[in-house]
Every structure is written in C-alpha cells, then in structure tokens.
Amino acid sequence: MARIRASQDREAFAELFSHFGPRVKAFLMKSGSNMTMAEECTQDVMVTLWRKAHMFDPARASVSTWIFTIARNRRIDLIRKERRPEPDELTWGPEPEPEQAEALGLQQESAQLRDALATLPEKQRTLIQQAYFGDLTHSEIAANTGLPLGTIKSRIRLALERLRHAMK
Amino acid sequence: MTDVKHHLTDDLLMSYAAGKLPEAFNLVVATHITLCDECRARLGAFEAIGGALLDEEDAVEMDANMGDIFAKIEATNSEIQVTPASTGVFPSALQDYVGGDLDAVKWRPVGMGVKQAILKTSKTATVRLLRIPAGAAMPDHGHHGTELTLVLKGAFKDEHDRFARGDIEVATEADHHTPIAEAGEDCICLSATDAPLKFRGLLPRIAQRFARI
C-alpha cells in the first residue's frame with residue numbers, strides 16, 4: 001500500500017488486487033449480492049482504492065480495515081442505493097511522512113485481533129461474522145436460527161468482551 | 001470538541017461499522033461521532049474487526065483482471081472530493097441532508113411551539129430535526145422501536161439525565177420519558193426512529209398522523 005501511495009506502483013497494486021479482490025467479492029456475495037453485482041461492485045472498490053490511495057493513513061487503519069470500509073460504503077452506495085453519511089475528517093488527511101512506530105504498532109494490533117477472532121468459541125465467531133458479513137439484522141438472525149434475540153445479543157456481547165480482553 | 005457524556009451503544013457502533021443500519025440512523029451516528037472522540041475511537045476498533053474478518057474471508061474468483069481495472073481507472077476522470085470539516089453548528093454529513101447549516105432548515109410547526117424538519121432518507125427509518133422552545137416539554141411519549149436523539153444546540157433534561165451538545169440518548173421500547181428543554185435557549189436535536197412514536201392522550205395522536213412523528 002505504501003508503494004501505491006508513494007509512487008503509484010502498479011505491481012504493488014496487482015498484489016493487493018489478487019489478495020483482496022476475491023475476498024471483497026466473497027464479502028459482497030455473503031451480504032446478499034448476486035455474482036454479477038458483486039463482481040461489478042468489487043471492480044468499483046478496486047478503482048476507488050487506486051484513486052484514494054493518497055488518502056490512506058497507515059497510522060490510523062490497517063490496509064484490510066481500510067479496504068473493508070471502502071467495500072462497505074460502495075455496497076451501500078451501489079447496491080442499497082443509499083447515501084452513506086460519514087463523520088467529518090479529523091484532519092486534512094494523512095501526514096506526508098506517517099509515523100513508522102504508529103504504523104508498526106497498528107500492524108501488530110491487527111495481527112493480535114486476527115488471532116483473538118480466530119480463538120473465539122465457534123458460536124460467538126459465527127455470530128460476529130454474521131453481524132458483519134451477511135444481510136440480516138439481529139432479529140432476522142434470531143428468526144433464522146430459532147435462537148432468542150437476547151441470546152444472540154449476549155453472545156455478541158461475550159465475544160466483544162473476549163476481544164477487548166485479548167487486546168489489552 | 002465538546003464534553004460528551006452520553007455515548008453510542010456497542011450494538012449501534014458495530015452495526016454502523018458493518019453498514020447494517022438504516023440510512024436515517026447512519027446520519028445520527030455519523031453526526032455524533034463527529035462530535036465525540038471517544039466513539040470515533042471505538043468505531044475504529046469495530047471497523048478493525050471488519051478488516052480482520054475480510055482478511056480471513058474465503059476467496060471468490062474474479063472475472064476482471066488488472067487490465068480491466070486500469071481501463072476503468074483511466075475512464076474515470078472526476079476528482080476525489082474531500083469534504084472539509086464543518087465549522088458550523090451542523091457537521092458536514094448533516095449539512096448535506098439539510099442543504100446548509102442551521103439557518104437553512106425549513107422548520108414546520110408540530111404544535112405546542114415545537115418545530116420539526118424531516119430529512120429525506122430511505123424509508124426504513126425516519127430522521128428529523130426538532131426545535132423545542134427553551135423551557136418547553138416535548139409531548140409525553142413512549143416508543144415502539146429504537147429512537148436516537150442527539151443534541152446539537154441547547155440542552156434537554158428528562159427524568160434521568162441532562163443532555164447537551166454531542167450527547168446522544170438511545171431509547172428503546174421499555175423507555176417512557178418526557179424530555180424538557182432547558183431554559184435559556186431553544187434545544188435543537190437530531191432524532192431518528194425506526195417506528196412511529198406513540199403519544200399518550202388523544203390530541204397528539206391525531207397530530208401525529210399529520211406531522212409523521
């Protein structure tokens with residue numbers, strides 16, 4: 001990502017594309033898009049990534065988090081056909097020379113978070129996955145699984161507690 | 001930055017991060033986060049969960065190759081717009097819906113001195129600006145669904161607490177309250193509901209049909 005940001009490196013972008021393109025497409029399909037829509041929206045996400053590369057701040061978000069937020073917003077825009085109100089930016093964008101230490105710290109935290117997610121009990125992890133990737137509200141998940149809404153909410157709460165604990 | 005005391009729930013922040021909320025709720029959440037550093041930081045954590053899940057996602061092969069993407073990039077000429085942070089009463093996202101800051105709001109009376117302006121969003125939930133005269137009470141009401149009320153100017157009190165600029169009240173079906181605007185200045189709130197409010201008493205109920213609240 002740094003190479004794309006600094007010198008519009010097409011080779012670096014190709015690596016990003018081959019890793020994230022298929023994952024973004026999978027995310028969109030799980031969120032209720034058909035194959036064609038998911039493909040189109042993913043292409044659009046990739047175009048947006050290239051064009052917004054100068055706005056990426058490695059001290060504020062990991063590459064995968066940044067791509068996730070772009071995919072989420074393009075989905076709302078292109079597939080749900082709604083506007084996505086976003087908070088005002090804190091600054092005028094990333095620092096010209098992002099703090100190496102901050103970016104590194106964030107990378108370590110991201111790895112820690114991935115591990116923590118991977119070690120969640122199966123039932124909790126499934127619900128977190130459905131909460132993010134899936135087109136169902138909590139009440140719809142309740143209706144689908146036959147679990148009471150309270151159980152779903154408390155499982156998600158427990159999962160978040162575990163993640164918080166792991167990130168301390 | 002204001003001294004915000006009442007924050008968003010984990011449930012709302014996670015749903016906003018995941019892109020699952022109705023547009024009307026997204027607007028209230030985005031407006032609160034602009035005014036609240038604590039919730040902005042918490043949102044960052046919820047978005048990081050989305051990023052971590054994306055990394056672990058199974059891959060679905062794409063039809064397009066790099067050449068297709070670069071052809072699209074070259075066909076797109078428009079500049080990426082970066083909206084500067086607002087210096088007015090309303091954050092930028094809200095200004096987009098109003099068509100300007102506080103002075104651009106087209107208020108309509110809803111009775112008892114209260115005024116409102118409904119903002120256009122998708123139909124799954126409703127969002128409106130409310131202007132409650134200093135010292136006046138909102139009609140006594142309970143809730144069917146979830147109601148978010150974010151204070152933008154002035155302050156209100158209910159039976160439990162005080163809410164000033166940046167504070168958000170998250171009310172659910174169990175809550176029943178009578179907010180009163182503090183004396184001194186009119187209270188301006190941004191309020192979203194995913195179900196019509198139920199007013200007690202006959203008169204507000206009729207008014208409700210006309211006012212869409």
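Each chain gets a letter, A, B and so on, in the order its sequence line appears, and its residues count up from 1.
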Salt bridge check, [Y] against [X]: does any charged N sit closer than 4.0 Å to a carboxylate O?
{"X": "B:D11", "Y": "A:R157", "answer": "no"}
{"X": "B:E182", "Y": "B:R162", "answer": "yes"}
{"X": "B:E185", "Y": "B:R165", "answer": "no"}

Query raised in the report: Is there a donor-acceptor pair closer than 3.5 Å between any side-chain N or O of A:R80 and the backbone N or O of B:G19?
Result: yes
**Report entry** Side-chain (B:K20) to main-chain (A:G134) donor-acceptor, under 3.5 angstrom
**Finding:** yes
Sort out for me which of [options] touches chain B most, counting heavy-atom pairs under 4.5 Å.
{"options": "A:R83, A:R75, A:M35, A:K52", "result": "A:R83"}
{"options": "A:M167, A:K30, A:M46", "result": "A:K30"}
{"options": "A:R10, A:K153, A:H19", "result": "A:R10"}
{"options": "A:Y132, A:F133, A:F27", "result": "A:Y132"}
{"options": "A:A61, A:A38, A:A131, A:S18", "result": "A:A131"}
{"options": "A:G21, A:A71, A:S31, A:P85", "result": "A:P85"}

Any idea which of [options] has the most non-hydrogen atom pairs under 4.5 angstrom with chain A?
{"options": "B:D55, B:T31, B:L43, B:D58", "result": "B:D55"}
{"options": "B:D10, B:D96, B:T76, B:I49", "result": "B:I49"}
{"options": "B:K72, B:H32, B:M66", "result": "B:M66"}
{"options": "B:A93, B:S15, B:A64", "result": "B:A64"}
{"options": "B:S92, B:A59, B:G50, B:A17", "result": "B:G50"}

At their closest point, which heavy atom of [X] faces which heavy atom of [Y], and how far apart are they?
{"X": "B:G166", "Y": "B:V4", "value": "O-CG1, 3.5 Å"}
{"X": "A:A26", "Y": "B:E57", "value": "CB-CG, 3.6 Å"}
{"X": "B:L129", "Y": "B:W107", "value": "O-CZ3, 3.6 Å"}
{"X": "B:I118", "Y": "B:R128", "value": "CA-CB, 3.8 Å"}

Side chain, backbone, both or neither: which part of [X] has a heavy atom under 4.5 Å from chain B?
{"X": "A:M29", "answer": "side chain"}
{"X": "A:R23", "answer": "both"}
{"X": "A:T69", "answer": "side chain"}
{"X": "A:K81", "answer": "neither"}
{"X": "A:A14", "answer": "both"}

Query - Atom group of B:E47 that falls short of 4.5 Å from chain A, counting heavy atoms - result: both
Query - Under 4.5 Å from a heavy atom of chain A, the part of B:E74 involved - result: side chain
**Report entry** Residues A:Q108 and A:Q112: side-chain donor-acceptor under 3.5 angstrom
**Finding:** no
Query raised in the report: Between A:E86 and A:N73, do the side chains contain an N or O donor and an N or O acceptor separated by less than 3.5 Å?
Result: yes
Report task. Compute the centroid of each ring, for B:F90 and then for B:Y97, and state whether the two points are separated by less than 6.0 Å. Result -> no
Query raised in the report: Relative to the ring of A:F56, is the ring of A:W66 parallel (under 30°), tilted (30 to 60°) or perpendicular (over 60°)?
Result: tilted
Query - Heavy-atom contacts under 4.5 Å, residues 113-129 of chain A to chain B - result: A:L113, A:R114, A:L117, A:I128, A:Q129
Query raised in the report: Around A:R164, counting heavy atoms of other residues, nucleotides and ligands shown, do more than 12 lie under 6.0 Å from its CZ?
Result: yes
Query raised in the report: Is A:R84 positioned over the aromatic face of B:Y16, cation under 6.0 angstrom from the ring centre and no more than 45 degrees off axis?
Result: yes
